[in-house]
Number of protein chains: 2
Amino acid sequence: MARQQKQTATERIRATLADAIVRGEIAQGVTLDEASLAEKFAVSRTPVREAIRQLEAIGFAEARPHRGAVVPNFTPERLTEMFAVMAELEALCARFAAERATDDEKRALREAHDACAHSARQGDIDVYYQTNLDFHEAVYAISHNSFLAEVTLSVRNRVSPFRKAQFRSFNRLMKSVEEHARVVDAILCGDPDGAAAAMIDHMNVVRSTVGEVSPTLRPLDDQAAETAER
Amino acid sequence: MARQQKQTATERIRATLADAIVRGEIAQGVTLDEASLAEKFAVSRTPVREAIRQLEAIGFAEARPHRGAVVPNFTPERLTEMFAVMAELEALCARFAAERATDDEKRALREAHDACAHSARQGDIDVYYQTNLDFHEAVYAISHNSFLAEVTLSVRNRVSPFRKAQFRSFNRLMKSVEEHARVVDAILCGDPDGAAAAMIDHMNVVRSTVGEVSPTLRPLDDQAAETAER
DNA sequence: AGCCTAAAGATTGCATGCAAGCATTCTTTG
DNA sequence: CAAAGAATGCTTGCATGCAATCTTTAGGCT
């Protein structure tokens, strides 16, 4: 029944650019130049423009009429706000997962966690980063709320280039796995409060670690505890 | 220092169409026809297309390559998922507001609440709907997390046509005001848990009321308690 | 009457070109 | 020399037109 969708150039370009921004390959502050992108993608400016309009709509680019769209810059305050929201959304995913995950889904989560642990032992940041993303996405997937998963993923993508920065901190991979383990344990034994709290803790560590390794993104003192106390 | 932004046709069209979708003036299932919209806005198809691409990116339209974009249909399950996420985000706004609102902001919230109470006594659904939106936005504004306010607003807009439907229920306006009052009381006396719980309760009533007045959107039995128990 | 096929019509995707707007550079003025 | 204004070049915003794709219609066959 599913109609096979033909992919438009606009969609292909949007996806490629979004991916590049998420991966940090197009840095913040970079202007998205229609002409050079059109040349790069071997198309006219039209689909490039349409793709850029889409990126603007989802916050991946900042519209500047007549002056080109630019990948947004982040202030430390802004990043802290975004991390706090992301933490809450991921905590909600964890909470729902703890309440609702089936046995099969719990097994899948455990496997995603094991893959993380394995790649942490290997010590390769890029591989760990990918298994880390897979792990988090596994939590979204078993929340049994696909809209929540979408919203969480979209917020996650917004700060993705920064999340990766954490792994430049000493022994961060192994610590990340330990934090994940607490989330997994709580989900597997059906403890929603515990799962949510463990995820909040994990995301708080991520935010402060990003500040350690990128001093220009260090949170202000009065934002250190942005996530709600409870 | 803020540069006065010139508004492009694309932006004007996007805003107008988004507003019409949010208000329910463009119903779900409607195809966004480039040619007639171009005629309506007295422009070529180009800015209309760009605006439609943006609407697609934010979920206000569903992309269908070569067959035009369409305002998405909602299933009851989908709507329930979306309401649950919205409830949690609004609850988080309320929680943060209870922790952080300044005296001036509390005053502004009280005023927004009083405006709601006044328009409820008048009994005009359209006016109440607007003051109701203003009230909720006042809560977002005093959360002291502008990113959270943005995300909450964008989710709120996605289900906006349905939220309005609740007010067709008997005496719903006055009940809505009572529910708001509990949120306001908790925020004003600095009770984050109370504020979050009151907002969750309020949003749950909204969801179930929407199902009462729109039988095709009634939640399934096993989704009745989508919002997390805690 | 129902089904299939081909053609016609309608709409979309995108290339191209022109005018408008902005940034940079050059010239003039005090 | 510095500041202001003018000129120039580059990029963006959008109109137009053509090809591709989808939908509808008409005709033929069973």
Side-chain angles (χ1 to χ4, degrees), chain A residues 1-21 25-73, chain B residues 1-21 25-73:
Chain A
M1 216 35 26
R3 176 186 289 260
Q4 182 69 19
Q5 295 262 45
K6 303 186 82 70
Q7 189 171 45
T8 60
T10 297
E11 170 58 21
R12 177 165 52 86
I13 294 162
R14 183 209 58 80
T16 303
L17 291 180
D19 193 57
I21 292 168
E25 288 165 12
I26 305 182
Q28 55 176 334
V30 170
T31 298
L32 301 177
D33 174 58
E34 298 176 9
S36 59
L37 287 173
E39 189 172 331
K40 178 182 170 180
F41 287 100
V43 294
S44 76
R45 281 169 52 224
T46 309
V48 169
R49 291 179 54 79
E50 293 187 7
I52 289 172
R53 293 294 87 75
Q54 294 194 307
L55 295 175
E56 286 166 2
I58 60 176
F60 277 40
E62 194 176 306
R64 300 182 310 172
H66 296 285
R67 291 174 302 129
V70 59
V71 176
N73 277 297
Chain B
M1 218 40 9
R3 177 188 285 261
Q4 180 69 20
Q5 295 260 48
K6 301 188 82 65
Q7 191 174 44
T8 60
T10 296
E11 170 59 20
R12 181 167 48 88
I13 294 162
R14 184 209 59 77
T16 302
L17 290 180
D19 194 57
I21 292 169
E25 289 167 10
I26 304 183
Q28 56 175 334
V30 169
T31 298
L32 301 177
D33 174 58
E34 298 176 10
S36 58
L37 286 172
E39 190 172 332
K40 177 181 172 184
F41 287 100
V43 293
S44 76
R45 284 169 49 226
T46 309
V48 168
R49 291 179 56 78
E50 293 187 6
I52 290 172
R53 295 292 87 78
Q54 296 192 307
L55 294 175
E56 287 166 1
I58 61 175
F60 276 40
E62 195 176 306
R64 301 184 311 175
H66 294 284
R67 291 176 302 129
V70 58
V71 176
N73 278 297

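So you know, we letter chains A, B, ... as the sequences are listed, proteins then strands, and number each from 1.
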Checklist entry - Between atom CD of B:Q7 and atom CZ of B:R12, what is the distance when rounded to the nearest 0.5 Å? => result 7.0 Å
Item to check | Closest non-hydrogen atom pair, B:I58 against A:A57 | outcome: CG2-O, 3.3 Å
Checklist outcome for this item: CG (B:D19) and CZ (B:R14) are apart, to the nearest 0.5 Å, by 9.5 Å
Item to check | Nearest-angstrom distance from the residue atom CD of A:Q7 to P of C:dG13 | outcome: 13 Å
Checklist outcome for this item: Closest to the side chain of B:T10, out of D:dC14, C:dC14, C:dG13, is D:dC14
Checklist entry - Between atom CD in B:E34 and atom P in C:dT11, what is the gap in whole Å? => result 10 Å
Checklist entry - How close or far is atom C1' of D:dT12 from atom CD of B:E11, stated in whole angstroms? => result 16 Å
Checklist outcome for this item: Rounded to whole Å, the CZ-C1' distance (B:F41 to D:dG13) equals 17 Å
Checklist entry - Which residues in residues 48-59 of chain A have at least one heavy atom lying under 4.0 Å from any atom of DNA chain C? => result none
Checklist entry - Does A:T46 place a side-chain N or O at less than 4.0 Å from the phosphate oxygens OP1/OP2 of C:dT16? => result no
Next on the checklist: The side chain of A:R67 is closest to which nucleotide in this list: D:dC22, C:dA23, C:dC14?
Outcome noted: C:dA23
Item to check | A:R53 bridged to A:E50 by N-O distance under 4.0 Å | outcome: no
Checklist entry - Could you state the CZ-P distance from A:R12 to C:dC14, rounded to the nearest angstrom? => result 8 Å
Item to check | Residues that A:T31 engages under side chain to side chain contact (heavy atoms under 4.5 Å, CB included), provided they are two or more places apart | outcome: A:R64, A:V70
Checklist entry - Of the non-hydrogen atoms in B:L55 and B:A18, which two are nearest, and what is the gap between them? => result CD2-CB, 4.0 Å
Might you list the N or O atoms of the protein lying below 3.5 Å from N or O atoms in nucleotides 18-20 of chain D, with each pair's distance?
none

Checklist outcome for this item: Taken to the nearest whole Å, CG/A:L32 to P/D:dT11 is 14 Å
Checklist entry - Where is the tightest heavy-atom contact between A:A69 and A:E56, given as atom of each residue plus distance? => result CB-OE2, 3.4 Å
Checklist entry - Between atom CD in B:E39 and atom C1' in C:dA10, what is the gap in whole Å? => result 15 Å
Checklist entry - Has A:E39 got more than 12 heavy atoms of other residues, nucleotides or ligands less than 6.0 Å from its CD? => result no
Item to check | Separation between CG of B:L32 and CZ of B:F60, rounded to the nearest 0.5 Å | outcome: 11.5 Å
